[in-house]
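Here the structure is a predicted model, which is why all the values come from computation and not from measurement.
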Amino acid sequence: QVQLVESGGGLVQAGGSLRLSCAASGRTFNSISWFRQAQGKEREFVALIMWSGSSTAYADSVKGRFTISRDNAKNTVYLQMNSLKPEDTAVYYCAARPAGDARPVGSVGSYNYWGQGTQVTVSS
């Protein structure tokens with residue numbers, strides 16, 4: 001019943017932009033995050049947004065370039081990625097967890113639900 005579906009990935013040139021979408025269904029979550037995993041590297045936290053309110057969090061590597069937002073009416077979270085770099089190349093995942101989890105937002109193990117991922121490739 002619970003499902004997270006990412007879309008919007010693709011191939012772009014360095015300096016370009018993409019907007020990823022994460023459509024949620026089945027329930028309402030306290031927060032949704034974006035993670036990414038590059039080939040041969042560990043999955044890393046990118047950004048988080050609360051389902052209500054305006055609280056967000058970003059990894060240092062994407063601050064000033066990426067913006068996370070939501071459309072509650074569509075149950076969708078977005079990740080606007082600007083000034084893309086080859087180092088941003090990775091599979092991007094959205095993930096959700098309920099309220100009350102005290103673990104850091106970047107803790108992969110704290111998230112109960114994950115999308116299938118969408119590939120982002122940035123060419124130099």
Side-chain angles (χ1 to χ4, degrees):
Q1 185 71 13
V2 175
Q3 189 173 27
L4 301 174
V5 180
E6 303 99 333
S7 62
L11 174 64
V12 297
Q13 196 170 9
S17 299
L18 284 174
R19 189 170 84 158
L20 306 183
S21 299
C22 175
S25 62
R27 63 161 293 170
T28 300
F29 301 100
N30 178 254
S31 63
I32 292 182
S33 293
W34 287 96
F35 286 77
R36 66 187 183 186
Q37 187 166 20
Q39 187 176 18
K41 297 184 178 180
E42 296 182 355
R43 191 168 299 187
E44 65 175 345
F45 170 79
V46 176
L48 173 146
I49 189 167
M50 302 297 292
W51 199 253
S52 61
S54 59
S55 295
T56 59
Y58 295 92
D60 289 342
S61 59
V62 305
K63 286 181 179 178
R65 299 189 297 121
F66 291 10
T67 303
I68 189 169
S69 62
R70 67 179 186 273
D71 185 336
N72 289 354
K74 296 182 178 180
N75 292 325
T76 299
V77 173
Y78 303 97
L79 184 68
Q80 178 67 45
M81 305 185 295
N82 298 326
S83 301
L84 283 163
K85 306 174 181 179
E87 303 90 90
D88 297 317
T89 296
V91 177
Y92 283 70
Y93 301 88
C94 62
R97 70 181 187 178
D101 198 309
R103 287 173 285 184
V105 295
S107 176
V108 172
S110 69
Y111 291 81
N112 296 318
Y113 303 101
W114 294 83
Q116 82 288 349
T118 185
Q119 176 71 48
V120 172
T121 302
V122 184
S123 62
S124 61

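A pairwise comparison of heavy atoms in Val77 and Trp34 identifies CG1-NE1, 3.8 Å as the closest pair. Minimum heavy-atom separation, Gln80 to Asn82: NE2-OD1, 3.0 Å. Of all non-hydrogen atoms in Ile32 and Ala96, the two that sit nearest each other are CG1-CB, 4.1 Å. Taking each heavy atom of Gly106 and Phe45 in turn, the nearest pair found is CA-CB, 3.6 Å. In terms of heavy atoms, Glu6 sits closest to Gly117 at OE1-N, 2.9 Å. Contact detail for Phe35 and Val108: the closest heavy-atom pair is CE2-CG2, 3.8 Å.
Using cut-offs of 30° and 60° on the angle between ring planes, the pair Phe29 and Tyr113 is tilted. Aromatic ring pairs are classed by plane angle as parallel below 30°, tilted from 30° to 60° and perpendicular above 60°; the pair Phe66 and Tyr92 is tilted.
Atoms CE and CZ, from Met81 and Arg65 in turn, are 9.5 Å apart once rounded to the nearest 0.5 Å. Distance CG/Asp101 to OH/Tyr111: 8.5 Å, rounded to 0.5 Å. Separation of atoms OG1 (Thr76) and CG (Leu20) is listed at 12.5 Å; rounding is to 0.5 Å. From Lys85, atom NZ reaches atom OG of Ser124 across 14.0 Å, with rounding to the nearest 0.5 Å. Arg70 contributes atom CZ, which lies 15.0 Å from atom OG of Ser21 (distance to the nearest 0.5 angstrom). For the atom pair CZ (Arg36) and CZ (Arg43), the distance works out to 13.0 Å, reported to the nearest 0.5 Å.
Placement of Val62 and Leu48 in two distinct hydrophobic clusters is found when ILVMFWY residues are connected by side-chain heavy-atom separations under 4.5 Å, directly or transitively. Criterion: ILVMFWY side-chain heavy atoms under 4.5 Å apart, direct or through other members. Under it, Leu79 and Trp51 are part of a common hydrophobic cluster. Connection of Trp114 to Val46 is not established within any shared hydrophobic cluster, with ILVMFWY side chains joined at heavy-atom distances below 4.5 Å, either directly or through further cluster members.
Residues Gln119 and Thr89 form a side-chain contact, since some pair of their non-hydrogen atoms from C-beta on lies under 4.5 Å apart.
Using a distance-only test at 3.5 Å, with no hydrogens or angles considered, a donor-acceptor pair links the side chain of Tyr58 to the main chain of Ile68.
Not counting sequence neighbours, the partners of Asn112 by the side-chain contact (heavy atoms from CB on, under 4.5 Å) test are Pro98.
In this model, a donor atom of one side chain and an acceptor atom of the other lie less than 3.5 Å apart for Arg97 and Ser110.
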